[in-house]
Structures are given as C-alpha cells and as structure tokens.
Amino acid sequence: MKYLHKAIWQSDGNLVIRGNTRALLFRALEDARADLAARGEDADSLKRMLQALQDVLGKYDGKLPSATDLLGDPVRERVSRNLLKG
C-alpha cells in the first residue's frame, strides 16, 4: 500500500487534507456517487449527503487518479509478499 498523509487538525478547527489522501477522498466520493446511480435505488438522504460533501470539498483540481493509482495494486502486493516469504 502506498503512503497516505494523515489529516491535520488546525487550531481554528479546520481540517487539512493533503496529497494522496485528498485525492482518495474525492475518488471515494466519485465512486459512491457512481455506484448509487448504477443501482438506481431511491436513497434521497444518501444522495443529499454526498452532494453536501461535494459542496464542502469543492472540485478536484486536475484529473482524478484511479483507486489503484492511489493505493497500489493489491494483486501485485500479494505476489511481492509471497515472493519475499518463499
């Protein structure tokens, strides 16, 4: 798994989210919204919550990386660990 920065609380109560962690938050929001749209369920409260989160976060500047780019490839990591064991 790739290194992810921790969120930092500031003295004024704001939360600072840096680097890959910020991108991962936007990726999770995008994936949740896409999954909800694909299911076609009537989940108005969840849609409202996702929209409120999007309003607070704003837009991601640049192209949003994939989850594999952000977290690393789990299959490749598993193979690497197995090679180190043997």
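Computed over heavy atoms, backbone and side chain alike; hydrogens, waters and symmetry mates excluded.
Interatomic distance, Thr21 OG1 to Phe26 CZ, rounded to the nearest 0.5 Å: 12.5 Å. Note that CG of Leu36 and CG of Asp31 are 12.5 Å apart. Values are rounded to the nearest 0.5 Å. Interatomic distance, Gln51 CD to Leu46 CG, rounded to the nearest 0.5 Å: 12.0 Å. The distance from atom CZ of Arg81 to atom CZ of Arg76, rounded to the nearest 0.5 Å, is 13.0 Å. Atom OH in Tyr60 sits 10.5 Å away from atom CG in Leu25 (nearest 0.5 Å).
Under the 4.5 Å side-chain heavy-atom criterion for ILVMFWY residues, no single connected hydrophobic cluster contains both Leu57 and Val16.
For the pair Arg27/Asp69, no side-chain contact is recorded, criterion being any heavy-atom separation below 4.5 Å from C-beta on. Contact of the Lys47 side chain with the Arg33 side chain is not registered, since no non-hydrogen atoms from C-beta on lie closer than 4.5 Å.
Salt-bridge formation is detected for the pair Asp61/Arg22: a Lys NZ or Arg NE/NH1/NH2 atom is positioned less than 4.0 Å from an Asp or Glu carboxylate oxygen.
Across Leu24, Leu53, Leu64, a single residue satisfies side chain to side chain contact (heavy atoms under 4.5 Å, CB included) together with Leu29, and that is Leu53.
When all heavy atoms of Leu70 and Pro65 are compared, the closest pair comes out as CD2-CG, 3.7 Å.
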